[in-house]
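Order of the sequence lines sets the chain letters (A, B, ...), proteins ahead of strands, with each chain counted from 1.
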2 protein chains.
Amino acid sequence: MATISDVAARAGVSPATVSRVLNGKSTVDPGLAERVVAAARELDYRPNAFARNLRRQASTVLALIIADVENPFFTAIARGVEDVAQASGYSVVLCNADDDPAKERRYVDVALAERAAGVIISPAGVQTDVGALLEQSIPVVAVDRPLAAPAGDTVLVDTRLAARQATLHLVEAGYHRIACVTGPSGVRTADDRLAGYRDGLRAAKRRSSAALVRRADYRAAGAQRATRDLFDRPERPDALLVANNAMAIGALQALAELGLRPGTEVGVVSFDDAPWAPLVVPSLTVVSQPAYEMGMVAAQLLLARIADGSREPTTTTLSAQLIERDSSRRG
Amino acid sequence: MATISDVAARAGVSPATVSRVLNGKSTVDPGLAERVVAAARELDYRPNAFARNLRRQASTVLALIIADVENPFFTAIARGVEDVAQASGYSVVLCNADDDPAKERRYVDVALAERAAGVIISPAGVQTDVGALLEQSIPVVAVDRPLAAPAGDTVLVDTRLAARQATLHLVEAGYHRIACVTGPSGVRTADDRLAGYRDGLRAAKRRSSAALVRRADYRAAGAQRATRDLFDRPERPDALLVANNAMAIGALQALAELGLRPGTEVGVVSFDDAPWAPLVVPSLTVVSQPAYEMGMVAAQLLLARIADGSREPTTTTLSAQLIERDSSRRG
DNA sequence: TAGCGTCAAGAAACCGATTTCTCGACATAC
DNA sequence: GTATGTCGAGAAATCGGTTTCTTGACGCTA
């Protein structure tokens, strides 16, 4: 593999000049520059990123640590991040923490070892610690969920308000015993959606009851069990607010097993729109979150912070949108 | 950030000794070793990956270049790769080529610049060129689709046979005019599935007709148009073989718009199982590919090739499985 | 024409690891 | 007691870029 010295030798100049030409940071004689460019092309020269990064003490790789690659919500965020990063010459490393604090920690370590230019993370839980990154002044942006000790920008959705609206929507549609299946305690979105659900019940002057609330991991299997459990009790719910799209699958599966038809017999609203949501019968009413936009905003904030580390931390809250379909329409 | 010299100074030894202790490649006096380890811990020393990689001329990062992050099939592959890589101390960089040869090329360049230890790729098309990687003796494994010039291991699914079986399944279920919506020409899986479809028709002694075949990109929108188009003609098909899971969504949407009920009126079989496939009504019959396993096998082959670059290129063909649900059952 | 400022380009230092080279200490063999 | 071998650890080279330092050429002004 050709090195900068090879190029320099071929062009009859010093390595320093080659570096200057290729980085355009300084003016060089046009004639020399042309020779350098030609030599580089002829040798198919590609700078060694290790050497460059070592000297510059910086890389052009952004780490994106998400909770679940198999969840379309997070992959949509990833696309948003990527599109912005690409445009600025950064590449994005996607890390799948799999909702596992240990895996997440490992990826934080990788980001540290590889001296990522910046990190975008959706923290798996309360104990996520990005202190080590900040010590190395690697900027961090939290997306979807805030960090316990916010020390960078944060991009959220007003998910509590959205949950409140979704709950009120179910009330208005004529459902009476509305249950909530949410994510693990300590995960902010899960807690917020539960709080919003209670807000909604309160606003509608309904009593909330612990018997109507279930928690599970943010996966289908857990939600399936939780839903089955809700309907196993004497006073069955007649509606369900489900806190994410993976859980929606589990909940719908449980309802199908129980022979309950969504919409007519059980109102269902889930968080996160998905390509298949209009296709299930009845089509699924969802709270659609602007995932792609969240990714874009997070990346923009990160790039801004890379450029100027002294910016004040900001919090951006985007809003979700209720998409009414048939699963929350009686009759 | 502490460097190896800082650790050496604190432990009262030379940097070389620190390196030897921490890498365990050579024996050192236990007393010294203990001091080194203590010093490293006290300073929270983390080796600089740039410096290490520069010297070693190798990294421990695998690049995984997939066609579409939003497609669960590919994310399942990613998980398989990741689980194997993790266990061997490699980290995985997920790159989303987005079915775009230009993006793909850019990521190949990134893998090259970052001197990835190896690359796993599902080539976007015929013109994918990994020659540059091979020149640098970076091992390459192709997954899901073969490379035009195979120069590494390949992990495939016998998708042609699976398409043949799926087509015969539709014939046996009593459908007569079976159409096929497949991916872009030049993408091997798309061509193979079409060929398998024709195999199936031939085996059933049915005439195949170009009027019953449509190509689109591997996305929902394209499949939706293609399906609409198929049903716009006087002699409508009564069954549909769809070549991947994103396209299935588009096809089902089109059928819904046309007021055609899958199963009873139009038999549907799609490639790729998805969490939502059992939930649509009627539930979707699919050809399930062992995506996670494909990822695992690809990663194992890559690691083996990293360890020993002179291995003969192999091709592993896994088999798919037809999961019969209601969308292909008449009546 | 002397003196000063500007600028382009080469020389050399530097980033932080790993690894080869070298040397000294000690043990064993003759 | 000397020669030889072994082994552990420090010195120094090395990876391939970037960037500072230095030098020399040139132009302008007094």
Side-chain angles (χ1 to χ4, degrees), chain A residues 1-37 39-40 43-61 89 109-110 112-117 136-138, chain B residues 1-37 39-40 43-61 89 109-110 112-117 136-138:
Chain A
M1 186 113 192
T3 72
I4 199 171
S5 303
D6 299 333
V7 176
R10 187 175 188 105
V13 299
S14 73
T17 299
V18 174
S19 173
R20 284 188 270 251
V21 170
L22 298 180
N23 290 298
K25 300 243 176 197
S26 171
T27 54
V28 294
D29 184 276
L32 286 193
E34 201 177 315
R35 266 157 54 201
V36 167
V37 170
L43 295 173
D44 190 27
Y45 169 69
R46 295 154 193 273
N48 182 314
F50 301 150
R52 163 179 292 168
N53 292 341
L54 174 59
R55 174 63 224 223
R56 289 210 181 137
Q57 294 287 67
S59 75
T60 56
V61 172
D109 282 345
V110 170
L112 211 49
E114 302 285 333
R115 300 311 200 260
Q136 303 312 318
S137 49
I138 295 178
Chain B
M1 187 111 191
T3 72
I4 199 171
S5 304
D6 299 333
V7 176
R10 185 171 188 110
V13 299
S14 74
T17 299
V18 175
S19 173
R20 284 189 270 251
V21 170
L22 299 180
N23 291 299
K25 301 242 174 195
S26 170
T27 53
V28 294
D29 184 276
L32 286 192
E34 201 176 316
R35 266 157 53 201
V36 167
V37 170
L43 294 173
D44 190 26
Y45 168 69
R46 296 155 192 273
N48 182 315
F50 301 150
R52 162 179 294 169
N53 292 342
L54 173 60
R55 175 63 226 225
R56 288 208 181 140
Q57 296 287 64
S59 76
T60 58
V61 172
D109 282 346
V110 170
L112 211 49
E114 302 283 334
R115 304 300 204 267
Q136 303 312 317
S137 49
I138 296 178

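- Considering only side-chain N and O atoms, A/Thr27 lies under 4.0 angstrom from the phosphate OP1 or OP2 of C/dA8.
- One interatomic measurement links the two molecules: CD of B/Glu34 to P of D/dA9, which rounds to 14 Å at whole-angstrom precision.
- A straight line from CD1 of A/Ile4 to C1' of D/dC15 spans 14 Å, rounded to a whole angstrom.
- Between the CD atom of A/Glu114 and the P atom of C/dG16 there is a distance of 16 Å, given to the nearest Å.
- Residue A/Arg20 contributes atom CZ, which lies 11 Å from atom C1' of C/dC7 at whole-angstrom precision.
- Between the side chain of B/Arg46 and the base of C/dG16, no donor-acceptor pair under 3.5 Å is found.
- The phosphate of D/dT18 (OP1 or OP2) has no side-chain N or O of A/Gln57 nearer than 4.0 angstrom.
- Contact annotation: A/Thr3 does not reach the phosphate of D/dG16 (side-chain N/O to OP1 or OP2, under 4.0 Å).
- In this structure, B/Asn23 reaches the sugar-phosphate backbone alone: every heavy-atom distance under 4.0 Å involves primed, P, OP1 or OP2 atoms, never a base.
- Atom OG1 of A/Thr17 and atom CZ of A/Arg35 lie 10.0 Å apart (nearest 0.5 Å).
- Toward the 5' end of DNA chain D, the nearer of the two residues B/Leu32 and B/Arg56, judged by each one's closest nucleotide, is B/Leu32.
- Protein atom CG of A/Asp29 is 21 Å distant from nucleotide atom P of C/dT6, rounded to whole Å.
- To the nearest 0.5 Å, atom CD of residue B/Glu114 and atom CG of residue A/Asn53 are 6.5 Å apart.
- No hydrogens or angles were tested; on distance alone, nothing pairs the side chain of B/Arg55 with the base of D/dG16 as donor and acceptor under 3.5 Å.
- With A/Arg46 contributing its side chain and B/Ala113 its backbone, the two residues share no donor-acceptor pair below 3.5 Å.
- A/Leu54 has its CG atom 14 Å from the P atom of D/dC15, to the nearest Å.
- Atom CZ of A/Phe50 and atom P of C/dG16 are 17 Å apart (whole Å).
- Residue contacts for B/Val13: at a heavy-atom cut-off of 4.0 Å it reaches the sugar-phosphate backbone alone, with no base atom in range.
- The side chain of A/Ser14 places no N or O atom within less than 4.0 Å of a non-bridging phosphate oxygen (OP1 or OP2) of C/dA9.
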Candidate pair A/Val13 and A/Val18, rule side-chain contact (heavy atoms from CB on, under 4.5 Å), full reasoning: CA-CA 7 Å; A/Val13 299; A/Val18 174; 3.8 Å; yes
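- Counting non-hydrogen atoms under 4.0 angstrom, B/Ser19 reaches a base of the nucleic acid.
- With rounding to whole Å, A/Asp6 atom CG is found 13 Å from D/dC15 atom C1'.
- The phosphate of D/dG16 (OP1 or OP2) has no side-chain N or O of A/Tyr45 nearer than 4.0 angstrom.
- Side-chain contact between A/Val21 and A/Leu32 is absent, with no heavy-atom pair separated by less than 4.5 Å.
- Among the atoms of the strands shown, none is found under 4.0 Å from any heavy atom of A/Ser26.
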